[in-house]
Amino acid sequence: MSAEPMSAAPVTAPVPVPPSEGPTRVRRSANPPGNRRRDLLIAAAFLVPNLVLLAVFTYRPLLDNIRLSFTSWNISSPTASFIGFDNYVEWFTSDSSRQVLWNTVVFTGSAVIGTMVLGLVLALLLDQKLFGRNAVRSLVFAPFVLAGAAVGVAFQFVFDPTFGLVQDLLARMGIDAPQFYQDPDWALFMVTVTYIWKNLGYTFVIYLAALQARRVELDEAAEIDAASTWTKFRQVTWPQLRPATFFLLITVLLNSFQVFDVISVMTRGGPLGNGTTTMVYQIYQETFVNQRAGYGATVATIMFLALLVITLVQVRVMERGRES
């Protein structure tokens with residue numbers, strides 16, 4: 001009996017599964033038009049009042065000041081006469097303006113360097129675990145909250161050539177006290193020291209906050225590598241303080257450039273004429289004392305342009321530092 005060969009089972013092709021016939025889900029926008037309009041209205045509600053205040057109290061006076069700089073105007077007169085660039089020519093060719101500009105540069109540069117260097121040194125010192133450091137921190141910051149006029153009055157007694165603290169200390173060492181109120185150089189030194197003492201707390205607090213926010217693991221790595229104190233500061237601490245340094249450089253420079261109260265109380269721009277007169281004090285002197293509001297507006301415009309250029313340069317340098 002012969003066996004019949006078995007036939008192979010037929011292979012069936014897979015049947016394609018039809019797509020689901022259920023309702024198709026519509027993908028909604030993450031921010032529909034209604035929400036966008038609401039966000040715009042909320043943003044406008046917050047921005048428009050501030051823009052109006054800036055336009056009324058900042059930009060309009062700025063434009064009026066620039067317009068007045070091209071006029072000759074006695075502040076008590078209801079009218080101003082257009083004179084073109086005469087005020088600018090007078091300021092740039094005047095010997096007194098050169099003295100005022102020099103005083104401004106020396107005072108501003110000394111104040112910026114002094115407050116930032118001393119503020120950094122105190123921040124590094126008081127960032128350590130020392131006994132009573134919180135009390136010392138408060139004492140360092142306290143002068144910053146005082147009025148500049150009050151500080152100026154107090155330091156008048158400190159530098160008084162007859163019974164002041166400086167005169168007494170120098171007399172104990174057998175040294176004659178400088179004539180702070182008669183020598184223009186010493187007078188400028190006096191107001192600069194006073195301003196640095198008053199504003200030292202500001203740079204100190206900013207640097208202290210930056211030090212407390214630095215990355216601790218980098219300090220620990222430097223200690224493991226047995227890095228010296230100077231190497232640790234230069235390669236680990238200082239790079240982390242650069243953002244705070246750029247911020248302080250801009251704000252301290254702008255504030256120092258515009259100081260008025262300390263100079264007005266202590267020296268009134270003297271001695272010997274313009275011994276301590278800066279550009280801000282010259283604006284006051286020309287506008288309200290000499291009643292040359294047009295010329296005062298010219299000095300204010302020149303100072304505004306100088307500050308604008310300085311700020312733009314600083315911002316550009318800061319952006320390059322971030323990119324690198």
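Owing to the predicted nature of the structure, the values given are computational and were not obtained by experimental measurement. Numbers here simply count residues along the sequence, with the first being 1.
Going from atom CG of Leu165 over to atom CZ of Phe155 covers 9.0 Å, rounded to the nearest 0.5 Å. From Phe82, atom CZ reaches atom OG1 of Thr71 across 9.0 Å, with rounding to the nearest 0.5 Å. Taking CD1 from Ile283 and CD from Gln258, the interatomic distance works out to 9.0 Å, rounded to the nearest 0.5 Å. Here the CZ-OG distance, from Phe70 to Ser81, works out to 15.5 Å after rounding to the nearest 0.5 Å. Separation of atoms OG1 (Thr79) and CG (Asn74) is listed at 9.5 Å; rounding is to 0.5 Å.
A side-chain N or O of Gln99 and one of Asn103 form a donor-acceptor pair less than 3.5 Å apart. No hydrogens or angles considered: a donor-acceptor pair under 3.5 Å links the side chains of Thr301 and Asn65. With no hydrogens or angles considered, no side-chain donor-acceptor pair links Thr115 and Tyr195 at under 3.5 Å. A donor and an acceptor atom, one from each side chain of Glu286 and Asn290, are located under 3.5 Å apart. Judged purely by distance below 3.5 Å, without hydrogens or angles, the side chains of Trp91 and Gln282 pair a donor atom with an acceptor atom. Using modelled atom types and a 3.5 Å distance limit, the side chains of Tyr207 and Thr245 yield a donor-acceptor pair.
Taking all atoms of both residues into account, the shortest heavy-atom contact from Ala210 to Leu241 is CB-CD2, 3.6 Å.
Checked for salt-bridge contact, Arg98 and Asp95 meet the test: a charged N lies under 4.0 Å from a carboxylate O. Using a 4.0 Å cut-off between charged side-chain N and carboxylate O, Asp127 and Arg214 make a salt bridge.
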Test side-chain contact (heavy atoms from CB on, under 4.5 Å) on Phe204 and Leu126 and set out the steps. CA-CA 10 Å; Phe204 161 73; Leu126 296 178; 3.6 Å; yes

Test side-chain contact (heavy atoms from CB on, under 4.5 Å) on Ser256 and Thr108 and set out the steps. CA-CA 5 Å; Ser256 302; Thr108 303; 4.1 Å; yes

Evaluation steps, side-chain contact (heavy atoms from CB on, under 4.5 Å), between Leu200 and Leu122: CA-CA 9 Å; Leu200 179 61; Leu122 287 174; 3.6 Å; yes

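In the displayed structure, Tyr284 atom OH is contacted under 6.0 Å by at most 12 heavy atoms of other residues, nucleotides or ligands.
Listed for the Thr298 side chain is a donor-acceptor partner under 3.5 Å among the backbone atoms of Gly294.
Screening Thr194, Thr278, Thr192, Thr277 for a side chain to side chain contact (heavy atoms under 4.5 Å, CB included) with Ile263, the sole residue that qualifies is Thr278.
Ring orientation note: the planes of Tyr202 and Phe247 are tilted relative to one another, at an angle of 30° to 60°.
The ring of Trp186 has its center closer than 6.0 angstrom to the ring center of Phe189.
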